[in-house]
Number of protein chains: 2
Amino acid sequence: MSMVALTPRSERLLKALIEQYIAEGQPVGSRSLVKQAGLEFSPATVRNVMADLEEMGLIRSPHTSAGRVPTELGYRLFVNTLLTSQPLEAVDIRGLEEQLPLHQDPQQLIEAASGLLSQVTKLAGVVRVPRRAHAGFLQLEFLNLSAHRVLVILVAQDGQVLNRVIQPKRRYSPAELQEAANMFNSVYAGRSFEDVRRSLVRALEQDSEAMQKLMRSAVEMAHEVFGDPGDADPLVVSGEANLLAFPELSDREKLRRLFDAFNAKQDLLSLLDQSMAAGGIQIFIGGESGYESLEPCSVIAAPYDVDGQIVGTLAVVGPTRMSYNRVISIVDVTARLLSGALTHNAGHGMNDA
Amino acid sequence: MSMVALTPRSERLLKALIEQYIAEGQPVGSRSLVKQAGLEFSPATVRNVMADLEEMGLIRSPHTSAGRVPTELGYRLFVNTLLTSQPLEAVDIRGLEEQLPLHQDPQQLIEAASGLLSQVTKLAGVVRVPRRAHAGFLQLEFLNLSAHRVLVILVAQDGQVLNRVIQPKRRYSPAELQEAANMFNSVYAGRSFEDVRRSLVRALEQDSEAMQKLMRSAVEMAHEVFGDPGDADPLVVSGEANLLAFPELSDREKLRRLFDAFNAKQDLLSLLDQSMAAGGIQIFIGGESGYESLEPCSVIAAPYDVDGQIVGTLAVVGPTRMSYNRVISIVDVTARLLSGALTHNAGHGMNDA
DNA sequence: GCTGGCACTCAGAAACGTGGAGTGCTAAGA
DNA sequence: TCTTAGCACTCCACGTTTCTGAGTGCCAGC
């Protein structure tokens, strides 16, 4: 673990080793490394260097007479300083672009993006849906379903629709509901969801005398919905099944945990939320994510934005042995594309007369 | 395979054998069967009977000196005629009932039901969402998102909401959109989705002279959405990860296929649709479903209804070795509960003045 | 400081024996 | 005719042993 700087040669060697391991998935020995990478020194020399690298904690051998395998630290160094990330070809970008259905509502775009990620990387794709809090509120509608059930529909400026059934205390006629919605919309349209929510809380705390009765009802009903975390699934996952193909994930118990994580979504959610703040591409190698369930995996995450404002994160989850440079490029491009599509669609929703 | 009728004794024996195999998951031998089931004849007799059963194709031995294991045919006979399905206790029903959030919109109810199925059976739960075709159409709304994008919101009488973004040829003012929607609603509200869809097609085929211009626009825009299969996921799956726990599904390739099936959903979808017609609980054992991906599994499916009209199917997917009587009861009860919840919520949606 | 050589290690495959669970068959008993 | 005890047989599961090959560490010479 002595943190002496690596010589150029050992760096080169480490890089070659990791690349070979990523490609083949088997411990790489000195001889085969020399051959594969076309190195100009002998296996014996390579062995010496390997011993150094092992001492530094960058690689390790599964057992005495196997080759070497990168450690998390090794991967970390690799992605930090050794990666030759050639950006994707323009052609490939076009390919990706074509698969994102433009002009759709955000939910569909996001599902498409998730599918795209998993499909092209052959790993699992994850997209954190935009937080509604900062989105602009466009309009609300109340609709009688039956005697005591009212459907509330919330529309955001970007076209997201949120609906929920509530049971108001008293019964309203359709005309009343219509008017209540009109009043509500004229006051709150265009403000952000979070803003509206806060206003509603304040309005409820105030004396209701100050408000018209119907408006009071509207505020009460709307509050039930605005206060809600929302019914939409906050995380879209696709291609988990791709991970079954990797022999390194054959441990039943680990696999179980991993899939539970995809299902419960809690761990992934916090990881993505936390990486939303970071602003750029984030890479979590193995245990770095801090979640046990993700320990055998690496996560490549990138935030996406609408109009320059970061609203969510997308990511690819795969085994630590993954083609980092490829996946990083793909995640990067996809995040850009999604940002573009969403921004384009947000369209500064004018409801002008 | 000679189809001689089974004697009561061999039936009893088969039943005991299958039950024990389901409980323990290991081939059962004559001796242990006698002990476990408290039979009053000797292992030798049991062996003779077993030989008969094997000849009939109801059981088989994995190899010479292992016990016997049920075949698909055996399971089939078992569920057809041997099953002692004691209905669930009232307490258990209450337990299930409490976990279904009443008064929610259909989508949430369905997701809850799926989660419930997987959670209580420890297998995978699947719910086919109601087909919109027969649902009643309540109202439609057009909303400008930006210059050339209009959000169309469709509401069904049961509270389902469907939304989609379209790009109309020309630009409409909010007032126009409002009026178009009003006209549309006054004509079509209350009819079934399928009915409306057909009317729209007919209306479009007719000469547009006969229609007011704005109404014509409304019909065109609405048609884009009514004709659509809809953006909602037609199948809600939960608890796939539960299946990882079964040793009989440890075959990598089979597992892969199975999970792909859960992901692609095509196979499951057709299976459930097909069993919707059947009207009652349906059981597919192993290859009976006709889908290779589901071959190592059994599927217990039951349709659910709204107001007596069957609208969808729910199912549990697990290994062929599952506790059929338990799972059947659970599926049955859950289907009833879901039907109840949906029917209750459908509430004959009066939008009366 | 690099390299060839050499002894050493160790996982994994193949070969081998052994024990036990379970069977099929036969012959005696009910 | 049906049941059962007995017995020889089969074959998997498991532990042991052996063997092999890939790979290492180290040393001595260049």
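Please read these numbers as outputs of a predicted model, since none were measured by experiment. In what follows, chains carry the letters A, B, and so on, assigned in the order in which the sequence lines appear, proteins first and then strands, with residues in each chain numbered from 1.
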Salt-bridge criterion met for [X] and [Y] (N-O under 4.0 Å):
X       : Y        : value
A:Arg76 : A:Glu288 : yes
B:Glu40 : B:Arg12  : yes
A:Glu54 : A:Arg60  : no

Interface polar pairs with nucleotides 18-22 of chain C, N/O, under 3.5 angstrom:
unit_1 : atom_1 : unit_2  : atom_2 : d
C:dG22 : O4'    : B:Ser65 : O      : 3.4
C:dG22 : O3'    : B:Ala66 : O      : 3.4

**OP:** Taking the side chain as every heavy atom from C-beta outward, state whether B:Arg128 and B:Asp273 have any atom pair closer than 4.5 Å.
**Re:**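 When only atoms from C-beta onward are counted, B:Asp273 and B:Arg128 do touch, with a gap below 4.5 Å.
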Original post:
Distance from A:Glu19 atom CD to A:Leu82 atom CG, nearest 0.5 Å?
Top reply: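 Here the interatomic distance stands at 8.0 Å.
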**OP:** Let me see the working for A:Ser32 and A:Gln20 under side chain to side chain donor-acceptor pair (under 3.5 Å), right down to the final yes or no.
**Re:** CA-CA 10 Å; A:Ser32 89; A:Gln20 184 171 336; 3.2 Å; yes
Original post:
Any cation-pi pair here, A:Arg321 with A:Tyr75, using under 6.0 Å and within 45°?
Top reply: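 Judged by the rule, A:Arg321 and A:Tyr75 form no cation-pi pair.
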**OP:** Examine A:Tyr291 together with A:Phe284 and report whether their ring centres are nearer than 6.0 Å.
**Re:**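 Ring centres of A:Phe284 and A:Tyr291 not closer than 6.0 Å.
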Subject >> Check: A:Phe78 ring centre within less than 6.0 Å of A:Tyr21 ring centre >> reply: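 Aromatic pair excluded; centres sit 6.0 Å or further apart.
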Original post:
For the pair made of CE in A:Met50 and P in C:dC2, what is the distance, rounded to whole Å?
Top reply: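 Rounded to the whole Å, the gap is 16 Å.
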List, with names and distances, any nitrogen or oxygen atoms from the protein found under 3.5 Å away from nitrogen or oxygen atoms belonging to nucleotides 12-15 of chain C.
none

Subject >> Nearest atoms (heavy-atom pairs only) where A:Leu255 meets A:Leu249 >> reply: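 Smallest interatomic distance, heavy atoms only, reads CD1-O, 3.4 Å.
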**OP:** Report the residue (A:Ser61 or B:Phe41) whose heavy-atom-nearest nucleotide on DNA chain D is the more 5′ of the two.
**Re:**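 The answer here is B:Phe41.
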**OP:** Give the first and the last nucleotide of DNA chain D, reading 5' to 3', that has any atom under 4.0 Å from a heavy atom of chain B.
**Re:**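 In short, chain B contacts DNA chain D from D:dT3 to D:dC12.
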